[in-house]
Structures are given as structure tokens and as C-alpha cells.
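Heads up, the thing below is written out as C-alpha cells.
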Amino acid sequence: GEENRAIIRTQGQEDRAQTAEQGLEYRRGLETAGEQDRTTDLQREMFRRYKENRDFEQAQSQYRT
């Protein structure tokens, strides 16, 4: 009986360690995905500002002529 309990206890510890490691990997994946989303959002915003500024400068140029 004691041997079985020891085996079960060891198995439980191993299962908890594995679950903790999987959780860490999952969180790292979410962080990476979040960083990529933020970078993508920043790129979109920078491009939007570039186009807006370009359009404004073209309009100003057309107005002056």
C-alpha cells in the first residue's frame, strides 16, 4: 500500500510539473502573439499617418499651383 501511494504521489508531482511547464509555454506564446499584434498595429498606424501626411502635402501643393 505504501509503495502504491508513493508511486501515485510521484506521478502527481510529475503531472503538476508538466502542467506548470505547459502553462508557462502557453503564456509565452500569448505574450509573443500580443507583441506581434502590437507591432502590426503600430505599423498600420505609421502607414496611415504616412499616407495622411502625403495626401495633405499633395493637396497643399495642388492648392498653391
Side-chain angles (χ1 to χ4, degrees):
E2 287 181 29
E3 189 175 314
N4 284 343
R5 284 192 293 276
I7 291 171
I8 291 170
R9 186 179 318 116
T10 302
Q11 184 64 44
Q13 291 171 343
E14 291 172 357
D15 289 347
R16 285 189 293 279
Q18 182 180 7
T19 300
E21 182 61 31
Q22 288 173 343
L24 287 174
E25 290 175 10
Y26 179 73
R27 285 190 290 279
R28 280 188 217 120
L30 290 178
E31 289 172 2
T32 301
E35 289 172 10
Q36 290 173 352
D37 287 346
R38 285 189 291 278
T39 300
T40 302
D41 291 343
L42 178 61
Q43 288 172 338
R44 280 192 194 116
E45 179 64 17
M46 297 282 287
F47 186 67
R48 185 193 66 78
R49 289 181 185 188
Y50 160 77
K51 288 193 318 184
E52 192 174 89
N53 189 47
R54 184 191 62 195
D55 292 347
F56 176 76
E57 289 176 358
Q58 287 176 352
Q60 291 294 314
S61 174
Q62 290 294 321
Y63 176 75
R64 290 185 195 125
T65 58

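What you see is a predicted model, and the numbers here were worked out from it, not measured in a lab.
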Item to complete: Please collect all side chain to side chain donor-acceptor pair (under 3.5 Å) contacts where either partner lies in residues 32-42, sequence neighbours excluded, each pair once.
Response: Asp41-Arg44
Kindly list each side-chain donor-acceptor pair under 3.5 angstrom involving residues 2-12, sequence neighbours excluded, with atom names and distances?
unit_1 : atom_1 : unit_2 : atom_2 : d
Thr10  : OG1    : Ala6   : O      : 2.9
Gln11  : NE2    : Asp15  : OD1    : 2.9

Fill in: Whichever hydrophobic residues join Phe56 through chains of side-chain contacts under 4.5 Å
none
Quiz: residues 20-28 side-chain donor-acceptor pairs under 3.5 angstrom, not counting sequence neighbours:
none

Worksheet item: If you group Ile, Leu, Val, Met, Phe, Trp and Tyr whenever their side-chain heavy atoms sit less than 4.5 Å apart, what else falls in with Phe47?
Response: Tyr50
Practice prompt. Only pairs at least two apart or in different chains count here, so list each salt bridge (charged side-chain N to carboxylate O under 4.0 Å, His left out) that has a residue in residues 52-65.
Written response: Arg48-Glu52
